[in-house]
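This report concerns only the one structure given below.
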Amino acid sequence: IRCTKRFTNTPKKQMDKPKYRPIPIEEKWQKRWADEGTNTFTEEQLQNAKKPFYNLMMFPYPSAEGLHVGNLYAFTGADVYGRYRRMQGEDVFEPFGFDAFGIHSENYALKIGTHPMELIPQNIRNFTRQVKRAGLMLDWNHVVDTTDPGYYKWTQWLFLQLYKAGLAEKQEAAVNWCPSCHTVLANEQVIAGACERCGTAVEQRFLSQWFFRITRYAQRLLDNLSWIDWSDTTKRAQENWIGRSEGAEVRFPIARKLNASGDQHEGVQLQTGMTAVHVFTTRPDTIFGATFMVLAPEHPLVDVLVSEVQREKVDAYRERVSTEDLVTRKKTDKEKTGVFTGGYAVNPATGKNIPVWIADYVLMEYGTGAIMAVPGHDARDFEFASKYELPIPRVIAGAGTDADTPLNEPYAGDGVLVNSGEFDGLDWRDAKQRITAWLGERNMAEPRINYRLHDWCISRQRYWGPPIPIIYCNACGTVPVPEKDLPVVLPYVENYKPDESGVSPLARAEEWYRVPCPQCGGEARRETDVSDTFLDSAWYFLRYPSANNNANAFDEALTKKWLPVTSYIGGEEHSVLHLMYSRFTTMVLKDVGLLEFEEPYSVFRKHGLIIKDGSKMSKSRGNVVVPDQYIEQYGADAFRTYLMFLGPYQEGGDFRDQGLQGPLGFLSRLWDSVMPVEEMGTEQVSGEIEQKLHATIRKVTDDIAALHYNTAIAAMMEYLNAVRESGRKINRAEVEPLVLLVAPFAPHVAEELWEQLGHKGGIYATPLWPSYDTAKATADTVEFVVQINGKVRARIPMARGLSQSEAQDTALADENVRKYVNGAQVRKVVFVPDRLINLVIG
RNA sequence: GCCCGGGUGGCGAAAUGGCAAACGCAGCAGACUCAAAAUCUGCCGGGCGAAAGUCCUUGUGAGUUCGAGUCUCACCCCGGGCACCA
């Protein structure tokens, strides 16, 4: 009975009206795109593309938890841009892949007890399913999986190119060791002294590691930032990371040591041939205030400088520091400690002997591992000098102070030199060059540029990565694996758990690492470390066009056609690591003649972070949004549109479940405006709607180009509202362009409506992006703002193009305006054509 | 400490130095319905006012300007990154 009643209550017309049901439409179009190869290129098509546009998004690590909304936010933003460019007639190549090696996957595999070689393919299948459901315009013919031997063969090949170029070196070095992950970490992976991944305090260990000499490229990496078209904040982050400082290297000759009675005596001849302590300073102008020196406890000259009187204390201190973990060592707020070595060096400016100390606040890894301490003008030196009662002279006098004003705190501001001999009175900036030159005349100093950037340690004592293609032979030494023998396949080993030993689990696979030497055939041993995941991602963009090429890492012709990457959109969290390493790799490949360009990404734009309930999504907070449920409920189109609408794309935004209602409602209203097609009007667009249509096309076109997706969507909503509010029957010509404008955001519903409207071949068959007419986009009447003394007193519709006097006359005819002017003299008129007139009275 | 962002209605947000709050969410009222959902219509920063209108309002304080959310200076707060970097 109930059912019957409802049936009779529903008007006939509404029964016939097809309702917007996203899910079947999306399934239909996803199938069609796949069947017809809408989004994929064949090798031939890649080769023959007329207007190549390489649209890159950052490939994800395929976690076992699956795709989360942050991934999809990143991909959709890039996809919208790619679809937009494609509709404008460009050949958009939008590939996808998986960055599946690394500690992440390995730790997870260990945790759940599934071997990574089984786990990762599962994850990739799951990720692929999710990504496909989201309706991205991806080329599934060109997929990259970094764990595929067909891929990492070329990662190993890349290592060999660096090796041949002399840019890969094995060094015994103090490295960051994570005692929990049992591996070495790059400096970039150490966050405030703790492991980036697990948060465990990082220790110092001495291991033999492979390093890439990225520091040789520091200046070039910095210089190119001036011309590459990247988000400013990303460039700034790289600039800070490279950390260029200009200053001087100054030599302090070693002078004397304490003897047993505490007196100074002549220094000994130095075995190393070094007769001076070298320091790097950015403030050579303050050298007259350098009253002592500090060496890092590990500094090799400590052994030379130390006097017998102090040896015991020095050894004890060094012992203590070496066992100290780097978190404690690098805490900036802890009290500084140190020990006098008993040795002295000569300040080359004053000629005086100054004591040499060792202290843990001086780091071996920066500069020369030694400093001249200027306690008067450096906060750290001041603190140290105060504690150990060392003299704190003033050598810079700021406003209101002179040579004799005592220093109660370090002064690092502007000023002129004092207590600095012939340089007194000089501005500190000028003094930098003058003093460096003056010392240089006696060969005691020269200008020097120092970088914070360190060489890239790529060795990992882990299992889940590409083996480093090196063989150690007792007779021949270090021998690179011949390119013909690549890939060095990562063997399946049952026990891949890392241990305390500091060597890779592969070092337990004897049958794998025992090999004959490629040069002499003698007994040899493979390198058992694998390489850093960042090496996999440092070149993946080169592989995509050549993903199906087994003969080369990257095909010469395809690379020439498609690279550098036209547009790269990705998260800011990769500002320094991935983006810096891939720039470095590209430069190296150019230098060895394999590429013709040296910057991999012509345009890079960072996108914002998506927030949930006011904080970053994370598993520990339990606020991670999984897209599947939303896509099932609202459809991929509404979900995509919502993600792009919730805030400015480059700044991110707050994800709220209820927010999805807006875009869903918009898409259903668009659907209702078109369907059923037979009921649409056939009149031409005219009048206000025509103006609004052209203005909307212009705004959407410009906004998408600038990644202002949220305002582009708002403009489309506004236009649709205007069309619907007219109250008339909706004409086909009014909504057809809107169907196209919405396509980058909601591709499925756009395709469906486009087909319903009678168009064959789909939206991407020909370049369909609507064009606008600037003249038509401009309204012929404007609402003119009339201000009196800067306050709005009237809003009067006026014809466009009025002159100042016409506008003024019209304004003065307004009652409210007259009331305020009230016969007073108009002293000044500010006139902004077609917008505003401001009458200043007084 | 240094380097980036950012601070606007109940919420997400918008605004080439020129109408602050577009667009959307939530809310309220109404229409349709036996009812609910869906949909549609209206209202929706605060004060005064019957209304026309008017005053206040973009973290705080100053400044530049005919005019400041927007530019300048100082400060406060939030988020992110770097950090004994010599």
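Here is the naming used below: chain letters follow the sequence lines, and residue numbers restart at 1 for every chain.
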Item to complete: Grab the CG-C1' distance between A:Asp703 and B:A14 for me, whole Å please.
Response: 11 Å
Practice prompt. Check every atom of B:C85, B:G24, B:C19 against the side chain of A:Tyr366 and return the nucleotide holding the closest atom.
Written response: B:C85
Worksheet item: Between A:Phe639 and A:Tyr634, is the gap from one ring center to the other below 6.0 Å?
Response: no
Fill in: N/O (side chain, A:Arg793) to phosphate O (OP1/OP2, B:C19) under 4.0 Å
no
Worksheet item: When the P atoms of B:C55 and B:G59 are considered, how many whole Å apart are they?
Response: 22 Å
Worksheet item: Are any of the side-chain nitrogens in A:Glu783 or A:Arg795 under 4.0 Å away from the carboxylate oxygens of its partner?
Response: no
Worksheet, complete the sentence: To the nearest angstrom, the NZ-C1' distance between A:Lys819 and B:G53 comes to 6 Å
Worksheet item: How many Å lie between CD on A:Glu246 and C1' on B:A86, as a whole number?
Response: 15 Å
Discussion item. Over 60° means perpendicular and under 30° means parallel, so tell me whether A:His607 and A:Tyr73 are parallel, tilted or perpendicular.
Written reply: perpendicular
Worksheet, complete the sentence: Using Watson-Crick geometry (N1-N3 plus N6-O4 or O6-N4) or G-U wobble (N1-O2, O6-N3), each under 3.5 Å, B:C28 is paired with B:G42
Discussion item. Students often mix this up, so state it plainly: with edges at 30° and 60°, are the rings of A:Tyr366 and A:Phe280 parallel, tilted or perpendicular?
Written reply: perpendicular
Worksheet item: Within the pair A:Arg724 and B:C40, is there a side-chain N or O less than 4.0 Å away from OP1 or OP2?
Response: yes
Item to complete: From the options B:C84, B:C56, B:C19, select the nucleotide whose nearest atom is closest to the side chain of A:Lys791.
Response: B:C56
Response to the item:
A:Glu651 has its side chain closest, among B:A26, B:G6, B:C55, to B:G6
Discussion item. Please give the distance between the P atoms of B:U16 and B:G6 as a whole number of Å.
Written reply: 14 Å
Item to complete: Identify whether the glycosidic angle of B:G79 places it syn (within 90° of 0) or anti.
Response: anti
Item to complete: Calculate the interatomic distance between A:Leu664 atom CG and B:A26 atom P; express it in whole Å.
Response: 11 Å
Worksheet item: Looking for any heavy atom pair under 4.0 Å, which part of the strands does A:Val279 touch: base, sugar-phosphate only, or nothing?
Response: nothing
Worksheet item: From the list B:A14, B:C19, B:A26, which nucleotide is the closest neighbour of the side chain of A:Glu783?
Response: B:C19
Worksheet entry | Axial cation check for A:Tyr820 ring with A:Arg793, 6.0 Å and 45° limits | yes
Discussion item. Taking pairing as Watson-Crick or G-U wobble with both contacts under 3.5 Å, can you name the mate of B:G1, or confirm there isn't one?
Written reply: B:C82
Item to complete: Report the base-pairing partner of B:G17 (Watson-Crick or G-U wobble, both distances below 3.5 angstrom), or none.
Response: none
Discussion item. Any non-hydrogen side-chain atom of A:Phe645 less than 4.5 Å from a side-chain atom of A:Tyr709?
Written reply: no
Worksheet item: Considering every strand shown, what is the Watson-Crick or G-U wobble mate of B:G53 when both distances are under 3.5 Å?
Response: B:C48
Worksheet entry | Spacing of the P atoms in B:A37 and B:A26 (rounded, Å) | 13 Å
Worksheet entry | Atom-to-atom span, CD of A:Glu725 to C1' of B:C23 - whole angstrom | 12 Å
Worksheet item: Hey, is the side chain of A:Arg236 poking within less than 4.0 Å of OP1 or OP2 on B:C82, counting only N and O atoms?
Response: no
Practice prompt. Assign each of A:Asn816 and A:Arg283 to its nearest nucleotide of RNA chain B by heavy atoms, then name whichever residue's nucleotide is nearer the 5' end.
Written response: A:Asn816
Worksheet item: Among the nucleotides B:A14, B:C82, B:U16, which one has an atom lying closest to any side-chain atom of A:Thr711?
Response: B:A14
Discussion item. Is the phosphate of B:C3 approached by A:Arg452 (side-chain N or O, under 4.0 Å from OP1 or OP2)?
Written reply: no
Practice prompt. Could you tell me which nucleotide pairs with B:C71 by Watson-Crick or G-U wobble geometry, both distances under 3.5 Å, or answer none if nothing does?
Written response: B:G63
Worksheet item: Can you check the A:Arg827 CZ to B:G67 P distance for me, whole Å?
Response: 10 Å
Worksheet item: Of the nucleotides B:C19, B:A86, B:A13, which has the atom closest to the A:Asn710 side chain?
Response: B:A13
Worksheet, complete the sentence: With the side chain defined as heavy atoms from C-beta on, A:Asp654 is closest, among B:G12, B:C85, B:G18, to B:G12
Worksheet item: Expressed in whole Å, how much space separates the P atoms belonging to B:C25 and B:A35?
Response: 26 Å
Discussion item. With a 4.0 Å cutoff (strictly under), does any side-chain N or O of A:Tyr642 reach OP1 or OP2 of B:G12?
Written reply: no
Worksheet item: Salt bridge between A:Arg452 and A:Glu239, side-chain N to carboxylate O under 4.0 Å?
Response: no
Item to complete: Flag the pair A:Glu246 and A:Arg244 as a salt bridge only when some basic side-chain nitrogen lies within less than 4.0 angstrom of an acidic carboxylate oxygen.
Response: yes
Worksheet item: Within less than 4.0 Å of OP1 or OP2 of B:G24, is there a side-chain N or O belonging to A:Asn721?
Response: yes
Discussion item. When the C1' atoms of B:C23 and B:A15 are compared, how many Å lie between them, rounded to an integer?
Written reply: 12 Å
Worksheet item: Are A:Val840 and A:Gln787 close enough that some pair of their side-chain heavy atoms sits under 4.5 Å apart?
Response: no
Discussion item. Could you tell me how far apart A:His607 (NE2) and B:G5 (P) are, to the nearest whole angstrom?
Written reply: 18 Å
Worksheet item: A:Asp834 side chain to A:Gly801 main-chain N or O, any donor-acceptor pair under 3.5 Å?
Response: yes
Worksheet item: To the nearest Å, how far apart are A:Glu249 CD and B:C85 P?
Response: 19 Å
Worksheet entry | A:Tyr820 side chain, from C-beta outward: closest of B:U54, B:G24, B:A86 | B:U54
Worksheet item: Expressed as a whole number of Å, how far does the P atom of B:U57 sit from that of B:U70?
Response: 13 Å
Practice prompt. Show the numbers, then the answer: is there a salt bridge (Lys or Arg N to Asp or Glu O under 4.0 Å) between A:Asp414 and A:Arg429?
Written response: CA-CA 9 Å; A:Asp414 281 346; A:Arg429 275 170 286 249; 3.5 Å; yes
So which protein nitrogen or oxygen atoms get under 3.5 Å of nucleotides 62-66 of chain B's nitrogens or oxygens?
residue: B:C66; atom: OP1; partner: A:Lys828; partner atom: NZ; Å: 3.3
residue: B:C66; atom: O2; partner: A:Asn838; partner atom: ND2; Å: 2.3

Worksheet entry | Plane angle bin for A:Tyr581 and A:Trp456 - parallel if under 30°, tilted between 30 and 60°, otherwise perpendicular | parallel
Worksheet entry | Nucleic acid contacts of residues 712-720 of chain A, taken as heavy-atom distances under 4.0 Å to RNA chain B | A:Ala714, A:Met717, A:Glu718
Worksheet item: Does A:Arg669 put a side-chain nitrogen or oxygen below 4.0 Å from OP1 or OP2 of B:U39?
Response: no
Worksheet entry | Atom P, compared across B:A36 and B:G79: separation rounded to whole Å | 45 Å
Worksheet item: Does the side chain of A:Ile371 reach to within under 4.5 Å of the side chain of A:Asp381, using non-hydrogen atoms?
Response: yes
Worksheet entry | Given RNA chain B, 5'-ward residue of the pair A:Gln661 and A:Gly665, judged by closest heavy atom | A:Gln661
Fill in: Shortest side-chain distance from A:Arg795, nucleotide among B:C19, B:C23, B:A14
B:C19
